[in-house]
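Remarks on the structure that follows.
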Amino acid sequence: DKFKDGLSKTRNQFTSKVNDLVARYRKVDEDFFEELEDVLLQADVGFDTVMELMDALRFEVQRKNIKDTAGIQSVISEKLVEIYESGESDSIELNIQESGLTVILLVGVNGVGKTTTIGKLAHKFKSEGKNVLLAAGDTFRAGAIDQLVVWGERVGVEVIRQAEGSDPAAVMYDAIRAAKNRKADILICDTAGRLQNKVNLMKELEKVHRVISREIEGAPHEVLLALDATTGQNALIQAQTFKEATNVTGIVLTKLDGTAKGGIVLAIRSKLKIPVKFVGLGEKMDDLQPFDAEKYVYGLFA
Ligand code: GDP
């Protein structure tokens with residue numbers, strides 16, 4: 001089970017710490033709760049979510065008159081799922097058009113795994129029998145276009161590109177025309193991710209967005225923000241910035257396999273109110289999984 005494997009680092013640390021607590025305390029008391037709180041904070045679950053969870057746990061323990069720490073894991077999982085799902089207003093399903101072109105924009109800071117995610121998504125759609133096209137919209141970072149072309153070749157989809165340094169909005173314009181000509185189902189667009197000049201980057205994203213929506217009504221249908229799970233709370237700050245600049249419709253949380261702080265998923269949910277639609281669990285093309293809250297939470301203890 002890829003989902004389970006990908007969470008192994010988080011699980012190993014989290015489960016062993018919780019199990020250790022359970023064994024040491026045996027009885028549920030205030031000290032137990034306090035140590036549990038620390039374990040959750042260390043897993044990057046996020047302060048607000050941890051506080052909410054602790055309240056819910058205390059309430060449940062009292063209500064069910066739970067005295068022993070044995071079995072507390074299942075109560076924790078239950079409450080975590082409840083908290084996650086209560087914050088969930090939108091579906092994790094992608095907004096794919098029944099007919100005609102669906103445009104998906106990928107945004108995010110350099111290095112978070114944007115290009116890799118585009119490759120993985122292209123592979124996913126292609127294996128569903130869809131006609132996929134990529135747009136090399138990061139004309140700024142040296143090598144970004146070539147890197148996308150490599151993914152295009154690997155997956156077997158065409159990449160619409162212009163020279164490095166050209167106007168990304170012009171690339172989008174070209175790509176949409178090409179997509180229409182080739183009757184593509186899905187166009188996935190890369191964008192620049194330099195954060196050194198935030199104002200310029202945000203202006204560029206706005207322009208790209210504008211060109212796309214002018215060419216196709218209702219597009220882009222998805223604006224997916226790639227966030228690197230290993231950067232912990234920093235990811236939250238990035239998300240805030242992008243949320244202010246563009247209409248982010250979903251998050252792809254990458255490199256979840258590379259961190260023991262997988263609790264960040266829960267923090268993202270409660271802080272941003274944007275659904276985590278996919279998680280990246282490795283570097284290969286099939287290492288992208290739709291996010292599943294129950295699988296995730298129960299995977300932490302399994
Ligand atoms: P970009 O600059 O945002 O386009 O980032 P890249 O797609 O080039 O990815 C940066 C690095 O992260 C590469 O070495 C990728 O192989 C790696 N990477 C991307 N996604 C994942 C993931 O889900 N898990 C792991 N372990 N590595 C990933």
Side-chain angles (χ1 to χ4, degrees), residues 1-13 44 92 104-124 132 134-155 157 159-161 164 168 171 188-198 201-202 204-205 208 222-232 234-235 237-239 241-242 245-246 248 250-265 268 276-292 295-296 299:
D1 188 335
K2 273 209 181 295
F3 212 91
K4 234 173 111 173
D5 292 347
L7 279 174
S8 60
K9 279 198 185 164
T10 302
R11 179 174 55 250
N12 289 345
Q13 218 179 83
D44 254 350
I92 70 154
I104 300 173
L105 208 57
L106 255 290
V107 301
V109 173
N110 284 339
V112 295
K114 213 165 4 130
T115 316
T116 309
T117 300
I118 293 174
K120 290 170 174 175
L121 281 172
H123 169 68
K124 167 189 138 61
V132 185
L134 305 182
D138 184 356
T139 59
F140 187 82
R141 180 168 70 87
I145 301 171
D146 290 339
Q147 201 193 338
L148 193 67
V149 169
V150 168
W151 267 106
E153 281 165 4
R154 196 175 291 159
V155 175
V157 302
V159 180
I160 303 301
R161 57 183 294 183
E164 213 174 285
V171 177
I188 311 175
C189 307
D190 194 10
T191 59
R194 60 188 191 284
L195 210 56
Q196 297 88 326
N197 191 335
K198 214 163 86 178
L201 174 60
M202 297 309 159
E204 180 175 316
L205 286 180
V208 160
E222 288 282 349
V223 179
L224 299 178
L225 170 64
L227 293 176
D228 179 342
T230 66
T231 62
N234 254 342
I237 299 168
Q238 286 169 20
T241 308
F242 279 93
T246 87
V248 178
I251 284 163
V252 181
L253 191 64
T254 65
K255 309 185 200 177
L256 200 53
D257 56 305
T259 179
K261 293 171 173 273
I264 191 72
V265 176
I268 285 175
V276 176
K277 296 199 171 180
F278 290 96
V279 291
L281 298 167
E283 296 183 279
K284 293 195 293 296
M285 61 173 106
D286 53 2
D287 290 336
L288 186 77
Q289 295 275 312
F291 182 68
D292 179 324
K295 255 196 192 174
Y296 164 80

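Start at 1 and go down the list; that is how both ligands and their atoms are numbered.
- For atom 21 (C) of ligand 1, the candidate residues are G113, G282, G280; the nearest heavy-atom contact is made by G282.
- If you number the atoms of ligand 1 from 1 as listed, the ones under 4.0 Å from a heavy atom of K114 come out as 1 (P), 3 (O), 4 (O), 5 (O), 7 (O).
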Problem - Worked verdict on D257 versus K2 for salt bridge (charged side-chain N to carboxylate O under 4.0 Å, His left out) - result: CA-CA 10 Å; D257 56 305; K2 273 209 181 295; over 6 Å; no
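- Looking only at protein heavy atoms, the nearest one to atom 26 (N) of ligand 1 is D257 OD2, 2.7 Å.
- Side-chain N or O atoms of T191 include none that pairs as donor or acceptor with a backbone N or O of G137 at under 3.5 Å.
- What sits closest to atom 2 (O) of ligand 1 on the protein, heavy atoms only, is G111 N, 2.7 Å.
- Judged by distance alone, the side chain of K114 and the main-chain N or O of G108 form a donor-acceptor pair under 3.5 Å.
- The residue from N110, V112, T116 that puts a heavy atom closest to atom 6 (P) of ligand 1 is T116.
- Nearest-heavy-atom check against atom 18 (N) of ligand 1 across R141, Q147, K120, K255 picks out K255.
- Remark: side-chain polar atoms of T10 are paired, donor with acceptor, to backbone N or O of T259 under 3.5 angstrom.
- R11 contributes a side-chain N or O that, together with a main-chain N or O of G299, makes up a donor-acceptor pair within less than 3.5 Å.
- Residue-level proximity to ligand 1 for T115 is carried by backbone and side chain together, each with a heavy atom below 4.0 angstrom.
- The only member of I104, V252, I188, V155 that meets side-chain contact (heavy atoms from CB on, under 4.5 Å) when paired with I118 is I188.
- What sits closest to atom 17 (C) of ligand 1 on the protein, heavy atoms only, is E283 OE2, 3.8 Å.
- Close approach of ligand 1 to L281 is summarised as follows: ligand atoms under 4.0 Å from at least one heavy atom of the residue are 23 (O).
- Residue G193 places every heavy atom at 4.0 Å or more from ligand 1.
- When atom types are taken as modelled, the side chain of T254 and the backbone of V112 share a donor-acceptor pair closer than 3.5 angstrom.
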